[in-house]
4 protein chains.
Amino acid sequence: MSPKRVDKAARKQEILAAAVRVFARKGFAASRIDDVAEEAGIAKGSVYLYFDSRDALLEAAFSQYTADADAIVAQALNSTDPPLERLALLVRGTIDVIAGAPDLARTLLDLWATDHMRPAYKAYREAVAELIAQIRPGLGLPHATVIVGAIEGVVLQWLVDPEVPIADLAGPVLEVVVEGLRERA
Amino acid sequence: MSPKRVDKAARKQEILAAAVRVFARKGFAASRIDDVAEEAGIAKGSVYLYFDSRDALLEAAFSQYTADADAIVAQALNSTDPPLERLALLVRGTIDVIAGAPDLARTLLDLWATDHMRPAYKAYREAVAELIAQIRPGLGLPHATVIVGAIEGVVLQWLVDPEVPIADLAGPVLEVVVEGLRERA
Amino acid sequence: MSPKRVDKAARKQEILAAAVRVFARKGFAASRIDDVAEEAGIAKGSVYLYFDSRDALLEAAFSQYTADADAIVAQALNSTDPPLERLALLVRGTIDVIAGAPDLARTLLDLWATDHMRPAYKAYREAVAELIAQIRPGLGLPHATVIVGAIEGVVLQWLVDPEVPIADLAGPVLEVVVEGLRERA
Amino acid sequence: MSPKRVDKAARKQEILAAAVRVFARKGFAASRIDDVAEEAGIAKGSVYLYFDSRDALLEAAFSQYTADADAIVAQALNSTDPPLERLALLVRGTIDVIAGAPDLARTLLDLWATDHMRPAYKAYREAVAELIAQIRPGLGLPHATVIVGAIEGVVLQWLVDPEVPIADLAGPVLEVVVEGLRERA
DNA sequence: CATGAATGAGTCTTCATTCAT
DNA sequence: TATGAATGAAGACTCATTCAT
């Protein structure tokens, strides 16, 4: 009847973190449950005390990712700042979160092949569309798709090539997207 | 010995094409040698007469893809039109090619997880940097990364969600990127 | 030290009873120690305080079952009634007991696959042989095997198909076995 | 394109026969795919070229069993002999088939725990009911259940104890069931 | 060249058993 | 005594690769 020392939720987080590190290192497809267990310093079978299956681990990693991302988006959009300010918040927030958790970010490569990101991106686009409609009439979902694309596309390039200086790119994203490339009068 | 009806190189190409179709359909991780053989209309063992291993097949499929992609970019950039025109060509060309071969495009999701795209994207960014430097001084590699990001990011969203109207997005990409979102005076 | 609230033997019996219920429900092969522990309302590890292993638990469950079965048979045979009467008692007793504990009966399916029933059935046949020899000279072990077979075979059919009305079949068993099918003069 | 030497159907039969031998030796629950493969003299993976799963092997064993059994029943019932003759045919046929294939018979112990035998036994009982109704009015399904029970119950005892002389028991079954135990006037 | 049956290493998952608390 | 987290051996199933024909 004595309560066990182990905090189940904490242990679950440890394993998930270990899994994310492994996924980041080798990709989900090449990650074995043994790898995750070893990274977490436990026996293979113990992973199953906390996650139902290998897929459940990816699932959990995904949830963790989108939870963070959603928070950023929500925060940026619910502010009362002027729209351009909020757009800047959004871009900076997203990129900071991603750059701050490279391992988690790497799982995006696997997540994209899933259809878990579909609703997330859809909501993201719609929120941005609403935001930019306040900047200038005539801006809508297509342009929002471009904004989201610029952010995620910059991340993508960093994932493909770690030398891309992701942390420094929030500025350029905003410059290009807000001011455009064309020479001003 | 007269040459056989089917020459080796051609047969190898057929298998490669079949492999790409299969990879596009189910992703690389879920594609079996059996699937490729069936798609190519030959026996499983025969695949090994042309490719040393599953990985070699992958490698070949990836190389073919990047070669195609490189050609698009080169073509757009080597024109003598004014820079903004060439940018437009590039954006439209890339998106048209990708939207025109949806099956092939799916392969990108796997490609990104390899490092085959690293040099391709690097060259892509550098070429775009050179191009936009001609539009306005002060524009450079960071902005080029955003441009490439916007293009690839829009494609990414379409891969994640087929309802994203990729074919209609070349225009919005250019609008945002060239003119910016900000209200003009 | 005053005796603990629950004495060891009683607790052991509780666990055994729980085990039998579980085995009856799902069959032995599909029964997990966890299931037994849960049915007994204790922790999995505690089962091992009373039984050395899963097999020991099985063994105990089987022994309990055969002990019960032997008691039935002994009781029916030790009466001083005339032979046909005792045969009727035996058939009715056996079927009533089995039909009265359907959960327990399911265990028979597993028991048959072990050799725990071998001596029990042997004794059963011999006792019946002795009994029927008093009904008519010339009747012996082969006929006893048929009698026991008819009883157990009817039970078997009920285990295979719960719609077989086991509770109503003691009569027909006796009719067939005592009177035979043939039209009497 | 050259046709392979191996007759797939024959090979499948070989594996099934090997499986039945293994099942007979250790019971289905304790039988490993490795055991079956070794018994068949092939590699573990090869079993899966012919059977989808371990369960499919039991399934196949079952089908083989009931095919034989059904044939016996059908043959006995479709004869034009007088009813008592046909009953004798049925009892002798069933017991001969079972006694002639002890390995296959042993799988009955596993089959019974499945619900595959439910419809088979139901049909068996109904056929016998029809048959005995021709022997004497008033005989019906309950008595048929007893007949089937006597046959299967005798087999059961032989499975539990190989010393039970199954091959010699068709006679006693008929004697008891046709004539009854009671002393005739 | 082509075939496709055969192989067996590799992986996920389960679960009896142990043991620190 | 009791607990239940942890362990790791075992087993089903997959599939890249080989090779006899």
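Residue numbering restarts at 1 for every chain, and letters A, B, ... go by the order of the sequence lines.
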*Would you kindly give the NZ-to-P distance between D:Lys26 and F:dA10, to the nearest whole Å?*
13 Å

*Under 3.5 Å, is there an N or O donor on one side and an acceptor on the other linking the side chain of C:Lys44 and the base of F:dT3?*
no

*Could you work out which one of F:dT1, E:dT17, E:dT7 sits closest to the side chain of C:Lys8?*
F:dT1

*Choosing from F:dT17, F:dA2, E:dT17, which nucleotide comes nearest the side chain of C:Tyr50?*
F:dA2

_Nearest to the C:Arg32 side chain among E:dA16, E:dA2, F:dA16, which nucleotide is it?_
E:dA16

_Measure CZ/B:Arg54 against C1'/F:dT17 and give the value in whole Å, please._
12 Å

*Which angle, to the nearest 10 degrees, lies between the helix axes at the two ends of the helix from E:dA2-F:dT21 to E:dT21-F:dA2, each defined by five pairs?*
10°

*Assign D:Ile33 to base, sugar-phosphate, or nothing according to its heavy-atom contacts below 4.0 angstrom with the strands shown.*
sugar-phosphate

*Given atom CG of D:Asp7 and atom P of E:dG4, what is their separation to the nearest angstrom?*
16 Å

*Mind calculating the distance between OH (D:Tyr48) and P (F:dC13) to the nearest angstrom?*
4 Å

*Could you give the CG-to-P distance, from A:Asp34 to F:dA10, as a whole number of Å?*
16 Å

*Would you call D:Arg11 and D:Ile42 a side-chain contact if the rule is heavy atoms closer than 4.5 Å?*
yes

*Are any of the side-chain heavy atoms of A:Phe51 and A:Lys12 separated by less than 4.5 Å?*
yes

_Using a 6.0 Å cut-off, check whether atom CG of C:Asp52 has over 12 heavy atoms from anything other than its own residue._
no

*asked:* Measure CD/A:Glu38 against C1'/E:dT11 and give the value in whole Å, please.
replied: 15 Å

_Between F:dA12 (P) and D:Leu58 (CG): distance, integer Å_ = 13 Å

*E:dC1 phosphate, OP1 or OP2, under 4.0 Å from B:Arg11 side-chain N/O*: no

*Assign B:Phe51 to base, sugar-phosphate, or nothing according to its heavy-atom contacts below 4.0 angstrom with the strands shown.*
nothing

_Ion pair C:Asp35/C:Arg32, N-O distance below 4.0 Å_ = no

*Could you pull out the closest heavy-atom pair between B:Val20 and B:Ala61, with the gap in Å?*
CG2-CB, 3.8 Å

_Salt bridge flag under 4.0 Å for residues C:Lys44 and C:Asp34_ = yes

*Would you kindly compare A:Gly45 and C:Ala43 by the position of their nearest DNA chain F nucleotide and give the one closer to the 5′ end?*
C:Ala43

*Side chains of A:Trp112 and A:Leu156: does their closest heavy-atom pair fall under 4.5 Å?*
yes

_5′-ward residue of the pair D:Leu49/B:Ser46 relative to DNA chain E_ = B:Ser46

_Nucleotide E:dA16, atom C1' - distance to CD of C:Glu59 in whole Å_ = 17 Å

